[in-house]
Amino acid sequence: MSIAVIDYGSGNLTSAAKAVERAAHELGLAATVTVTADPAVIADASHIVLPGQGAFSECRRGLAAVPGLEAALQEAVIARGRPFFGICVGMQLLAREGHEHGTHAGLGWIDGVVEPLELSDKTLKIPHMGWNDLIVDQPTHPVLAGVRTGDHVYFVHSYEFVPASPGDCLAHADYGGPVTAMVARANLVGTQFHPEKSQAVGLRLIANFLKWRP
Amino acid sequence: MLKARIIPCLDVKDGRVVKGINFVDLVDAGDPVEQAQIYDAAGADELTFLDITASSDDRATLYDIVARTARACFMPLTVGGGVRQVEDVRKLLLAGADKASINTAAVNRPALVAEAAQKFGSQCIVVAIDAKQSGPGRWEVFTHGGRTPTGLDTVDWARRMAAAGAGEILLTSMDRDGTRTGFDIALTRAVSDAVPVPVIASGGVGTLDHLVEGIRDGGASAVLAASIFHFGLFTIAQAKARMKAAGVPIRDVG
């Protein structure tokens, strides 16, 4: 098993890579985790992890700036159906469109838009930062095995993915209303929260992803 | 629902913890990584390293500590102390820190906060403010560990930093720091009400009820404490139990 953690100049890749290594180790899987933007490595990877921090627009630009990267992702994830895990802005990039600092096209792999958090309670702080409990919408999804409503994960974001089809939402959290926490479709899964920062629950999600045969 | 966070803070000097857990069964009580792992296992919600190394020539040691911690602990890690330029933020993030805390350098050059936030995102930029009461309902910003007055009003400064792109404010009362008499609640409330971003209350925790007050009365999103945890006065689990009993939403341990 070889996992490519995509490096396009966004944020803390070390944590994501180390969490994948730990989860693989705990499963007893022989896994190579490579932080990379190399299309050849991505083509050979069995699993793709796309982290992302900061603004949607910046991340989108970063992704486009690496020659051949998007084409390699398209080939591995869409054409070949390799399991894909997007984290935070890496998950938001799955959307058709992001509305942070202007309107920007996303990868469009899961239809929906990324919009500012709309909070009914105006005293709530933005970003939505800290530990919030998951409300699982689709408990039978393999990546959610052993993860239950009420389990806590670590969020930090000011924008959220609003999927066009509610069926693409695997789990949400409550922060002045429902906030998309996790999306999935076919071989794609994405979390708004940071599994690599969510202690045991996060490692379980990553382990489930590594075992997943979509 | 979002939970209030409990954040232990470790003071690190020349790669060693100088104010940390005082447990006899530690193999190496001065190793920040080992202490971080203890707090990770204990259910701390985040962890903060404050580098108080006097000189700046030993940054490599700090980056190594951050990297080793990030390999061992899967929880959010903030690192402060000695962050002077955008490049320092980048190095901390690359080493595995999730947030960099900027204090004196933000006062010296406020544009640094905007530049760092634009480059890495507000979510990883914490502005630390050391405040001292200067009159009724007024607090002045101090730098250099509370030694240098700046003439800046704390509430104004916090607003300005949030507008510049700080994703979080770490607010320390210099009047209360080390006194164990509780947070400066009026200060915490004034800043928390003034900024849209989360505020971490710091300085003065001596009892578990102080933690409750910081959230409930001060309006903070998180509470930072050092000595009550390090010296074994209380555990993270006890702190969470007390906060829960007082009606503060917390994440259960285990």
Side-chain angles (χ1 to χ4, degrees), chain A residues 7 9-23 35 52-59 88-89 100-101 119 121-133 135 150-159 173-176 179 194-203 206, chain B residues 1-7 40-41 43-47 66-77 90 92-100 116-126 162 165 167-169 192-193 195-200 219-222 249-254:
Chain A
D7 177 10
S10 172
N12 181 351
L13 302 171
T14 314
S15 298
K18 295 301 164 195
V20 174
E21 275 174 14
R22 169 70 73 91
V35 176
Q53 287 182 356
F56 186 98
S57 49
E58 279 295 308
C59 288
C88 196
V89 182
E100 187 171 7
H101 303 165
L119 308 181
D121 177 352
K122 298 300 174 195
T123 65
L124 288 174
K125 299 292 189 178
I126 301 246
H128 172 216
M129 182 187 286
W131 296 84
N132 206 335
D133 47 304
I135 299 149
D151 283 349
H152 284 86
V153 290
Y154 189 85
F155 288 85
V156 48
H157 65 120
S158 306
Y159 287 75
D174 178 36
Y175 191 62
V179 172
H194 288 269
E196 78 282 18
K197 293 290 148 189
S198 296
Q199 295 176 335
V201 176
L203 290 175
I206 295 170
Chain B
M1 146 181 243
L2 189 67
K3 305 305 187 289
R5 288 168 282 153
I6 299 180
I7 309 175
D40 189 22
D45 296 309
E46 287 187 27
L47 190 67
V66 171
R68 287 193 291 128
T69 303
R71 278 201 289 272
C73 298
F74 300 99
M75 69 193 297
L77 174 66
R90 196 184 71 89
L92 286 173
L93 298 179
L94 281 179
D98 298 289
K99 310 179 200 177
Q118 263 158 31
K119 197 157 174 59
F120 309 110
S122 290
Q123 84 290 337
C124 63
I125 305 300
V126 181
E168 202 169 26
I169 302 287
S192 190
D193 284 349
V195 297
V197 300
V199 171
I200 305 167
S221 300
I250 58 102
R251 179 176 68 115
D252 282 320
V253 178

Below 4.5 Å, heavy-atom pairs only: which of [options] has the largest tally toward chain A?
{"options": "B:Lys3, B:Gln123, B:Arg251", "result": "B:Arg251"}
{"options": "B:Val197, B:Leu92, B:Leu77, B:Asp40", "result": "B:Val197"}
{"options": "B:Lys119, B:Gln118, B:Lys99", "result": "B:Lys99"}

Please state whether the side chain, the backbone, both or neither of [X] comes within less than 4.5 Å of a heavy atom of chain B.
{"X": "A:Ile135", "result": "neither"}
{"X": "A:Glu58", "result": "side chain"}
{"X": "A:Ala19", "result": "both"}

Rounded to the nearest 0.5 Å, how far does [atom2] of [Y] lie from [atom1] of [X]?
{"X": "A:Lys197", "Y": "B:Asp45", "atom1": "NZ", "atom2": "CG", "answer": "14.0 Å"}
{"X": "B:Ser122", "Y": "A:His157", "atom1": "OG", "atom2": "NE2", "answer": "14.0 Å"}
{"X": "A:Met129", "Y": "B:Glu46", "atom1": "CE", "atom2": "CD", "answer": "7.5 Å"}
{"X": "B:Arg71", "Y": "A:Ser15", "atom1": "CZ", "atom2": "OG", "answer": "11.0 Å"}

Return the minimal non-hydrogen interatomic distance between A:Thr14 and B:Leu94, and the atom names on each side.
OG1-O, 2.8 Å
Any idea which heavy atoms bring B:Gly167 and A:Pro127 closest together, and the distance?
O-CD, 3.7 Å
Contact part of B:Arg5 toward chain A, heavy-atom cut-off under 4.5 Å: side chain, backbone, both or neither?
side chain
Which answer fits B:Ala41, side chain, backbone, both or neither, if we ask what part of it has an atom under 4.5 Å from a heavy atom of chain A?
neither
Can you check whether [X] reaches [Y] side chain to side chain, under 4.5 Å on heavy atoms?
{"X": "B:Phe120", "Y": "A:Gln53", "result": "no"}
{"X": "B:Phe74", "Y": "A:Lys18", "result": "yes"}
{"X": "B:Glu168", "Y": "A:Lys125", "result": "no"}

Counting heavy-atom pairs under 4.5 Å to chain B, which of A:Thr123, A:Val156, A:Asp174, A:Asp133 comes out on top?
A:Asp133
